[in-house]
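Working notes for the structure below.
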Amino acid sequence: MSTDSSPPPFGHQLRKYFGFEPNYVNLNHGSYGSVPVPVSVATENTFKSIEGNIDRFIKLHLPEHIRPARRRIAKFVGAGPDEVVFVPNASHGLNTVLRNLVWNKGDIIVVATTTYNSIERTVQYISDLPPHPSLSVFELKFPTTHASIVESFRRHIDGLVSKLQASQKSVADGTKLKIVVVIDSIEMAAACREKGILTVIDAAHSIGQEPNINLTEAGPDFWVSNCHKWLYAMRPCAILYVPKRNQHLITSPFPTPYSYVSPQDPPERLLADSHFIEMFGWTGTTDFSSLLSIHPALDFREWLGGEQKITDYCHSLALTGGKRLSELLGTPLLDPTGEVTLNMVNVGLPLAPSIPNNAITHEALLRNLLEGWHVSAAVYLHNGRWWVRASAQVWNELSDFEYLAKALKDSCEKLELKYRRKGLVKL
């Protein structure tokens with residue numbers, strides 16, 4: 001698939017640049033990403049080149065290939081050239097940060113009710129281990145407004161700061177207690193910084209969806225994002241941002257590499273310079289071609305017309321598509337004003353709240369959507385209501401949302417009928 005000529009108009013004419021089945025309607029790009037054919041071809045060529053002499057590539061040339069890709073993506077997100085490293089995915093990067101921080105009894109870890117489930121479980125796991133830092137949950141329920149979120153978040157952390165200050169007085173050995181906030185909004189970083197609170201930003205969907213990212217200006221303490229979602233890179237590929245001021249807190253990647261430096265090592269290993277970049281440069285054998293797909297992914301986006309053109313189309317379609325989906329389903333939008341919507345829109349499902357949130361429900365819905373209707377979108381329960389999340393991309397058109405509405409109506413009707421016949425749920 002050549003990109004020598006000008007790109008076609010956004011919409012269904014761009015489908016041929018992605019490897020979709022002919023009848024597949026993809027409105028779930030946010031979950032796993034979708035790789036453009038030119039990116040896939042370029043990455044396959046990189047893989048073949050590496051395989052031509054894998055020893056030469058790894059032992060002699062790996063750093064000179066990884067460094068330009070890492071620095072290019074660092075510039076893309078407004079970070080310093082040596083403040084970004086590659087990790088397999090956002091969950092891996094967040095676990096790396098959370099498991100490197102030294103926890104004390106009395107420390108507080110903050111998550112939200114909307115925190116990604118595996119990260120919430122990670123934080124719970126850390127709290128379960130000695131010295132048992134406590135877990136605080138910020139209640140975030142939609143529909144709401146941006147102003148309400150910020151105000152309630154500030155109240156939440158103010159209460160925690162007062163609690164921490166009281167606890168600090170009883171610490172006999174002088175250990176300084178801390179609050180660490182794990183949240184998906186980089187806008188909260190400033191409010192936390194004012195209070196001396198560390199922020200770990202789960203920005204899994206940010207890069208490629210959120211325009212004009214400037215991490216140097218935003219100032220989070222740690223930030224992780226998947227490049228294989230909205231940026232069009234190959235799976236797996238993600239980045240971890242750690243500003244130089246915090247790199248001493250990350251003493252080892254996961255798994256620990258040979259370049260790890262222990263305080264117990266001989267003096268000649270205890271160099272003054274940071275080992276941060278070197279440690280993440282090799283954490284074991286992997287497919288490095290996916291990391292190097294950063295180049296063709298960014299090149300493809302430039303060929304499409306650049307970040308603003310992509311963002312404008314996807315954001316506009318998310319708003320209009322969400323509104324149309326809401327009309328056809330006869331259900332509300334999660335974000336009626338659109339002020340906190342980027343390129344993913346959330347719409348209520350015509351499904352009774354009493355339908356159980358379990359594996360049987362999800363499999364029934366997904367099987368009918370994916371195999372019966374050949375369409376994908378993310379279904380979930382939030383604040384006592386079932387919702388669908390639809391991702392708008394450059395290959396989508398409004399008709400895709402209209403088709404999804406038909407598929408969802410059918411899927412919800414069949415699911416409710418199934419539960420009604422079994423007498424498991426009163427609808």
Side-chain angles (χ1 to χ4, degrees), residues 28-36 39-40 42-44 46-47 50-51 54 57-58 62-63 65-74 76-77 79 82-101 115-123 125-126 182 184 200-209 213 215 220 222-242 247 249-260 275-298:
N28 193 32
H29 175 80
S31 284
Y32 312 109
S34 302
V35 183
V39 177
S40 179
T43 306
E44 183 178 356
T46 299
F47 179 82
I50 293 171
E51 288 302 299
I54 184 67
F57 176 82
I58 289 179
L62 178 60
H65 285 276
I66 294 295
R67 188 181 303 110
R70 180 174 55 74
R71 292 188 169 182
R72 185 177 180 184
I73 200 64
F76 187 84
V77 296
D82 292 326
E83 294 182 319
V84 166
V85 291
F86 287 116
V87 290
N89 52 62
S91 296
H92 193 287
L94 292 163
N95 270 263
T96 298
V97 173
L98 293 170
R99 293 167 191 263
N100 265 276
L101 297 178
T115 296
Y116 184 56
N117 51 18
S118 75
I119 302 307
E120 183 276 327
R121 291 287 83 192
T122 298
V123 171
Y125 172 73
I126 291 172
V182 184
D184 61 3
V200 182
I201 307 299
D202 178 3
H205 290 271
S206 289
I207 190 168
Q209 180 182 200
I213 298 172
L215 297 178
F222 307 96
W223 183 93
V224 189
S225 192
N226 289 311
C227 301
H228 59 242
K229 286 183 182 279
W230 293 87
L231 198 69
Y232 304 149
M234 289 288 289
R235 293 174 293 271
C237 182
I239 57 171
L240 164 62
Y241 163 77
V242 183
Q247 289 181 3
L249 298 174
I250 307 300
T251 55
S252 171
F254 179 81
T256 299
Y258 67 84
S259 53
Y260 166 70
H275 292 77
F276 179 73
I277 297 297
E278 181 186 0
M279 286 193 301
F280 281 89
W282 177 270
T283 57
T285 303
T286 189
D287 180 4
F288 293 99
S289 65
S290 65
L291 308 183
L292 298 177
S293 71
I294 286 294
H295 291 305
L298 290 176

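Atom set for the values below is all heavy atoms of this structure, side chains included, hydrogens, waters and symmetry mates excluded.
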Legend entry - Closest heavy-atom pair and its distance - Thr43, Ser289: CG2-O, 3.4 Å
Legend entry - Exercise: identify the closest heavy-atom pair between Ile73 and Cys227: CG1-SG, 4.4 Å
Inset, instruction - Applying side-chain hydrogen bond (donor to acceptor under 3.5 Å, both in side chains), name anything that partners His65, two or more places apart in sequence or on another chain. - result: none
Inset, instruction - Enter the distance from Arg121:CZ to Tyr116:OH here, rounded to the nearest 0.5 Å. - result: 13.5 Å
Legend entry - salt bridge (Lys or Arg N to Asp or Glu O under 4.0 Å) pairs, two or more places apart, involving residues 287-296: none
Inset, instruction - Please report the closest heavy-atom contact between Met234 and Ser40, naming both atoms and the distance. - result: SD-CA, 4.1 Å
Inset, instruction - Find the distance between CG (Leu292) and CD1 (Ile50) and round it off to the nearest 0.5 Å. - result: 5.5 Å
Inset, instruction - Flag the pair Ile294 / Leu231 as yes when at least one side-chain heavy-atom distance between them is below 4.5 Å, and no otherwise. - result: yes
Legend entry - Donor-acceptor under 3.5 Å (Gln247 side chain, Val242 main chain): yes
Inset, instruction - Count the heavy atoms of every other residue, nucleotide or ligand shown that sit under 6.0 Å from CZ of Phe254, and state whether that count exceeds 12. - result: no
Legend entry - 4.5 Å side-chain heavy-atom contact, Phe222 and Ile201: no
Inset, instruction - State, with a plain yes or no, whether a side-chain heavy atom of Tyr241 is found less than 4.5 Å away from one of Val224. - result: no
Legend entry - Contacts of Thr46 that satisfy side-chain hydrogen bond (donor to acceptor under 3.5 Å, both in side chains) - sequence neighbours left out: none
Legend entry - Distance, nearest 0.5 Å, that separates OG of Ser34 from NZ of Lys229: 10.5 Å
Legend entry - Minimum-distance pair of heavy atoms, taken over all atoms of His228 and Cys237: ND1-N, 3.0 Å
Inset, instruction - For Arg71, enumerate each residue passing the side-chain hydrogen bond (donor to acceptor under 3.5 Å, both in side chains) test, keeping only those at least two apart in sequence or located in another chain. - result: Asp82
Legend entry - Counterpart residues, ring-ring contact (aromatic ring centres under 6.0 Å, His included), relative to Phe47 (two or more places apart): none
Inset, instruction - Would you mind reporting whether Met279 and Pro253 have side-chain heavy atoms less than 4.5 Å apart? - result: yes
Legend entry - Between Trp230 and His205: side-chain donor-acceptor atoms closer than 3.5 Å: yes
Inset, instruction - May I ask you to test the Leu298-Tyr232 pair for a side-chain heavy-atom distance under 4.5 Å? - result: no
Listing, residues 93-101 side-chain donor-acceptor contacts under 3.5 Å, not counting sequence neighbours, or none:
| from | atom 1 | to | atom 2 | distance (Å) |
| --- | --- | --- | --- | --- |
| Asn95 | OD1 | Arg99 | NE | 2.8 |
| Asn95 | OD1 | Arg99 | NH2 | 3.0 |
| Asn95 | ND2 | Ser91 | O | 2.9 |
| Asn95 | ND2 | Thr122 | OG1 | 3.4 |
| Thr96 | OG1 | His92 | O | 2.8 |
| Asn100 | OD1 | Thr251 | N | 2.9 |
| Asn100 | OD1 | Thr251 | OG1 | 3.1 |
| Asn100 | OD1 | Ser252 | N | 3.0 |
| Asn100 | ND2 | Thr96 | O | 2.7 |
| Asn100 | ND2 | Ser252 | O | 2.7 |

Legend entry - Residues which pass side-chain contact (heavy atoms from CB on, under 4.5 Å) with Ile58, listed by chain and number, not counting sequence neighbours: Ile54, Trp282, Phe288
Legend entry - Set of residues satisfying ring-ring contact (aromatic ring centres under 6.0 Å, His included) with respect to Phe76, sequence neighbours excluded: none
Legend entry - Non-hydrogen side-chain atoms of Val85 and Ile277 separated by less than 4.5 Å: yes
Legend entry - Minimum heavy-atom distance between Ala204 and Ser225, given as atom pair plus value: O-OG, 3.8 Å
Inset, instruction - Sequence neighbours left out, what passes side-chain hydrogen bond (donor to acceptor under 3.5 Å, both in side chains) with Ser206? Give chain and number order. - result: Glu210
Inset, instruction - For residues Val84 and Leu240, determine if any side-chain heavy atom of one lies less than 4.5 Å from a side-chain heavy atom of the other. - result: no
Legend entry - Shortest non-hydrogen separation from Gly33 to Arg235 and the atoms involved: O-NH1, 3.2 Å
